[in-house]
Participant: 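The structure that follows is given in the form of structure tokens.
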Amino acid sequence: MTEDEAAKLGEEFGIVVGSVDEEIQKELKLQRPQGVAVFEVIGNSRADYAGIKVRSVIKEIDKAEIKNMIDFGNAIKRAMKECNFTVGTYEPADPGDPVGWGVNFHFVGCKRD
């Protein structure tokens, strides 16, 4: 699995992703530069229907910890073969929310035509 292969799998799932680097870590106020950042959500995709948001950081897919693009690629490849799985994200709260960031779990169901 390469980072490019992982990125292509992300697009199949419905998101444009990249590694969390130090710049993203500072912008999102993360403790460590780990996880995979979501830069874009493709409309009408499994990711879109699951409610994954731009600027969120994917930390887990179907209980597998995601530390980098390789972890992401391997986990999303396994998960997309399944009908149902979960994606755990660390994401910004809605504007005006005094709590700030939070962890969310997104249920990804079967793709229907």
Side-chain angles (χ1 to χ4, degrees):
M1 177 69 59
T2 66
E3 287 199 12
D4 284 345
E5 289 170 334
K8 286 182 178 132
L9 287 167
E11 288 179 22
E12 284 179 33
F13 176 55
I15 50 179
V16 176
V17 295
S19 297
V20 173
D21 58 20
E22 289 182 14
E23 184 179 323
I24 293 169
Q25 176 191 4
K26 286 179 188 172
E27 180 186 337
L28 302 181
K29 298 179 177 87
L30 301 172
Q31 291 178 350
R32 290 181 297 265
Q34 286 186 345
V36 171
V38 177
F39 300 122
E40 183 180 335
V41 177
I42 299 165
N44 297 319
S45 66
R46 290 177 83 182
D48 185 29
Y49 293 132
I52 295 173
K53 298 177 185 172
V54 172
R55 293 189 70 232
S56 62
V57 176
I58 296 174
K59 303 295 273 179
E60 176 184 300
I61 296 175
D62 229 11
K63 299 180 185 165
E65 185 178 11
I66 306 301
K67 293 182 180 178
N68 55 44
M69 287 290 288
I70 305 304
D71 289 349
F72 170 80
N74 289 325
I76 199 70
K77 185 176 183 178
R78 279 191 309 272
M80 285 196 306
K81 291 178 183 174
E82 301 298 320
C83 187
N84 301 313
F85 61 95
T86 58
V87 177
T89 60
Y90 181 68
E91 60 191 49
D94 293 325
D97 184 338
V99 177
W101 288 72
V103 175
N104 275 323
F105 288 92
H106 304 272
F107 176 75
V108 181
C110 298
K111 186 176 181 181
R112 307 240 187 257
D113 291 329

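Everything numeric here is computed off the predicted structure, so don't read it as measured data. Numbering of residues begins at 1 and proceeds along the displayed sequence.
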Participant: Quick one: do Met1 and Lys77 satisfy side chain to side chain contact (heavy atoms under 4.5 Å, CB included)? Show the steps, please.
Facilitator: CA-CA 10 Å; Met1 177 69 59; Lys77 185 176 183 178; 4.1 Å; yes

Participant: Specify the closest pair of heavy atoms between Arg46 and Gly109, including all atoms of both residues, with the distance to one decimal.
Facilitator: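 Reported closest heavy-atom pair: NH2-O, 3.1 Å.
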
Participant: Indicate if Phe107 and Val87 have the same hydrophobic cluster label, given that clusters are the connected sets of ILVMFWY residues with side-chain heavy-atom separations under 4.5 angstrom.
Facilitator: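 No; tracing contacts between hydrophobic side chains, which count when under 4.5 Å, never links both residues.
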
Participant: At what distance, to the nearest 0.5 angstrom, does CG of Asp71 lie from CD of Gln34?
Facilitator: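 Reported value, rounded in 0.5 Å steps: 9.0 Å.
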
Participant: Kindly give the heavy-atom pair with the smallest separation between Ala75 and Ala64, and that separation in Å.
Facilitator: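 Here Ala75 and Ala64 meet closest at CB-CB, 4.4 Å.
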
Participant: Kindly give the heavy-atom pair with the smallest separation between Glu3 and Ile70, and that separation in Å.
Facilitator: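 In terms of heavy atoms, the two residues are closest at N-CD1, 3.8 Å.
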
Participant: If you compare all heavy atoms of Gln25 against all heavy atoms of Pro33, which two are closest, and at what distance to 0.1 Å?
Facilitator: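 Residues Gln25 and Pro33, closest heavy atoms: OE1-CD, 3.3 Å.
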
Participant: Can you tell me how far the NZ atom of Lys59 sits from the OG1 atom of Thr89, to the nearest 0.5 Å?
Facilitator: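 Lys59 NZ to Thr89 OG1: 11.0 Å, rounded to 0.5 Å.
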
Participant: To the nearest 0.5 Å, what is the distance between CD1 on Ile58 and CD1 on Ile66?
Facilitator: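 Result: 7.5 Å between the selected atoms.
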
Participant: Output the distance between atom CZ (Phe72) and atom CD (Glu65), rounded to the nearest 0.5 Å.
Facilitator: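 If I round to the nearest 0.5 Å, the distance is 15.0 Å.
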
Participant: According to a hydrophobic-cluster definition based on side-chain heavy atoms being under 4.5 Å apart (Ile, Leu, Val, Met, Phe, Trp, Tyr only), do Val54 and Ile76 belong together?
Facilitator: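 Yes, because Val54 and Ile76 connect within a single hydrophobic cluster, where side-chain heavy atoms sit under 4.5 Å apart.
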
Participant: Give the minimum heavy-atom separation between Ala37 and Val20, together with the two atoms involved.
Facilitator: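 Nearest heavy atoms, Ala37 then Val20: N-CG2, 3.8 Å.
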
Participant: Looking only at side chains, do Thr86 and His106 share a donor and an acceptor under 3.5 Å apart?
Facilitator: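 No donor-acceptor contact under 3.5 Å links the two side chains.
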
Participant: Quick one: closest heavy-atom pair of Ile52 and Ser56, and the distance?
Facilitator: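 The answer is CG2-OG, 4.0 Å.
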
Participant: Is Val57 reachable from Ile42 through a run of I, L, V, M, F, W or Y residues, each pair having side-chain heavy atoms under 4.5 Å apart?
Facilitator: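 No, separate clusters.
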
Participant: Enter the distance from Ile15:CD1 to Lys53:NZ here, rounded to the nearest 0.5 Å.
Facilitator: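 Result: 14.5 Å between the selected atoms.
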
Participant: Mind jotting down which residue pairs meet the ring-ring contact (aromatic ring centres under 6.0 Å, His included) criterion with at least one end in residues 7-58? Sequence neighbours excluded, please.
Facilitator: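 Qualifying pairs: Phe13-Phe85.
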
Participant: Do you know which of Asn74, Val36, Leu9 makes side chain to side chain contact (heavy atoms under 4.5 Å, CB included) with Met69?
Facilitator: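 Of the listed options, the one satisfying the test is Val36.
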
Participant: Closer than 3.5 angstrom, by distance alone: can the side chain of Glu5 be matched with the main-chain N or O of Thr2 as a donor-acceptor pair?
Facilitator: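 Looks like yes, one N/O pair under 3.5 Å.
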
Participant: Can you measure from CG (Asn84) to CG (Asp62) and round to the nearest 0.5 angstrom?
Facilitator: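 Rounded to the nearest 0.5 Å, the CG-CG separation comes to 9.5 Å.
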
